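Reading through the structure tokens given below for one structure.
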Amino acid sequence: GPQAQQMRAEGLYVARSYTRDALSYAKSQGLIAVTPQELEAQLFDFRPYLDRLRRRFEESPLARHYVAQRVLLESEPELKDGVDLIEHAQAWANGAGRRLWLVLGDYGTGKSSFFKRFAYELATRAIQEPDAPVPLAIDLKDYPNAISLEALLQEHLRKELNWHGNPEILLYLLAAGRVTLLLDAFDEMGTAALARSVEDQFRQLVRPTAQAGEGARCNRVLITCRTHFFRDQQQIKDVAGGHADDLVSSDSALGQLARQLHD
């Protein structure tokens, strides 16, 4: 109307999709027609972050010497030779399996190498495909004093991009399936200095996996950890290479918590 025109206001429509005629009409009337996906893309520009992930891996010695890894799955014990770890990880990021994925292994078994390669693969795909999940890849030993998941996200992006925004944006994108959270070296994250138990710290990091969300890709969190956090289960020692998918102790307090959040 005249008052809106005088204020130079613009109308905004949000819908999942539009016909060609609808877009043509909106343009002729000076209206903005967007989809929820387009609005989500404007919440956070991941391109600089993805470029850094790709460049960091490509310039590392690991990119030249990475050896394909295989993993044994607790959920599929009949696969005696395991499965290709990267292929399995990509399927998981696309919605296969449970939201929380624990990769366990002893020192030197390649957990961090996998973490970096997987983050690189997801970053490369996210640059090429707008609808692909974006990795947020965080080495937990670099943030020993993060007291909450929100603080961890904020500290990480402040370090990487000098970003000082609201971490709730990232949690929303995680719940919407636009972001996949990758956390390396849980066992090296400081807890004693914060007077927090291991269970409390674990619960804080995996909190989104216990929350509802739309779509199979929502609230997906991967954590790598050394097996000594779950040492009370003999089964872990029987897994070749120390790697396991969805494998934690059913006896330890941390194992019970993890299985509860898996479900």
Side-chain angles (χ1 to χ4, degrees), residues 46 50 53-54 57 66-105 109-140 149 153 170-171 173-186 202 205-227 230 235-236 239-248 255 257-263:
F46 283 101
L50 296 173
L53 277 182
R54 287 189 63 187
F57 181 83
Y66 182 80
V67 177
Q69 300 163 288
R70 299 186 70 80
V71 63
L72 295 179
L73 307 179
E74 184 192 37
S75 58
E76 299 183 58
E78 69 277 7
L79 301 177
K80 302 301 183 182
D81 295 328
V83 297
D84 182 271
L85 184 52
I86 291 297
E87 291 181 3
H88 179 74
Q90 290 173 332
W92 171 81
N94 287 333
R98 296 171 175 175
R99 295 175 184 175
L100 174 60
W101 181 20
L102 301 180
V103 176
L104 307 179
T109 52
K111 301 182 301 297
S112 292
S113 295
F114 157 67
F115 165 81
K116 294 173 183 176
R117 178 59 185 262
F118 184 34
Y120 170 76
E121 295 289 344
L122 287 183
T124 300
R125 183 184 169 197
I127 291 173
Q128 298 170 348
E129 303 176 23
D131 292 333
V134 171
L136 266 181
I138 304 176
D139 189 338
L140 293 175
L149 179 57
L153 296 174
L170 302 171
L171 293 178
L173 294 174
L174 181 65
R178 296 282 299 128
V179 164
T180 297
L181 185 58
L182 311 180
L183 305 174
D184 189 31
F186 172 69
F202 186 82
L205 294 178
V206 304
R207 187 185 72 217
T209 65
Q211 299 171 348
E214 293 185 7
R217 291 190 340 200
C218 69
N219 291 325
R220 299 212 149 232
V221 179
L222 177 147
I223 295 182
T224 75
C225 182
R226 290 175 67 181
T227 55
F230 309 86
Q235 184 182 8
I236 292 176
V239 179
H243 292 288
D245 177 49
D246 297 342
L247 182 57
V248 290
L257 174 63
R259 287 196 180 280
Q260 176 183 348
L261 290 169
H262 276 189
D263 297 333

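Small disclaimer: the values here were computed from a predicted structure and weren't measured.
Within the 4.5 Å cutoff, side-chain heavy atoms of Val83 are placed close to those of Val71. The shortest side-chain heavy-atom distance between Ile86 and Phe114 falls under the 4.5 Å cut-off. By the 4.5 Å heavy-atom criterion applied to side chains, Leu136 and Leu173 are not counted as neighbours. Between Phe118 and Leu222 the shortest side-chain heavy-atom distance falls below 4.5 Å. Side-chain contact between Phe115 and Val103 is absent, with no heavy atoms from C-beta onward closer than 4.5 Å. In this structure the side chain of Pro208 never reaches within 4.5 angstrom of the side chain of Leu181, judged on heavy atoms. Side-chain contact between Leu205 and Val221 is absent, with no heavy-atom pair separated by less than 4.5 Å. Arg125 has its side chain within reach of Asn94: a pair of non-hydrogen atoms, C-beta onward, lies under 4.5 Å apart.
We find the CG-NZ distance between Leu53 and Lys116 to be 12.0 Å, quoted to the nearest 0.5 Å. One finds the CZ atom of Arg70 at 10.0 Å from the CG atom of Leu85 (value rounded to the nearest 0.5 Å). For the atom pair CG of Leu174 and CZ of Arg207, the computed distance is 10.0 Å after rounding to the nearest 0.5 Å. In this structure, CG in Leu182 is found 9.5 Å from CH2 in Trp101, a value given to the nearest 0.5 Å. Here the CG atom belonging to Leu183 is positioned 7.5 Å from the CG atom belonging to Leu149, to the nearest 0.5 angstrom. Here the straight-line distance linking atom CG of Asp84 with atom CD of Gln90 works out to 8.5 Å at 0.5 Å rounding.
Taking each heavy atom of Ala175 and Cys218 in turn, the nearest pair found is O-CB, 2.9 Å. Arg99 approaches Trp92 most closely through the heavy-atom pair O-CZ2, 3.3 Å. Across Pro133 and Ala126, no two heavy atoms sit closer than the pair O-CB, 3.8 Å.
Using modelled atom types, one side-chain atom of Arg220 and one backbone atom of Gly95 make a donor-acceptor pair closer than 3.5 Å. Arg98 places no side-chain N or O within donor-acceptor distance of the main-chain N or O of Thr209, the cut-off being under 3.5 Å. Between the Arg54 side chain and the Glu121 main chain, no donor and acceptor come within less than 3.5 Å of each other. Side chain of Thr224 to main chain of Ala185: a donor-acceptor pair is present (N/O by atom type, distance under 3.5 Å, no hydrogens or angles).
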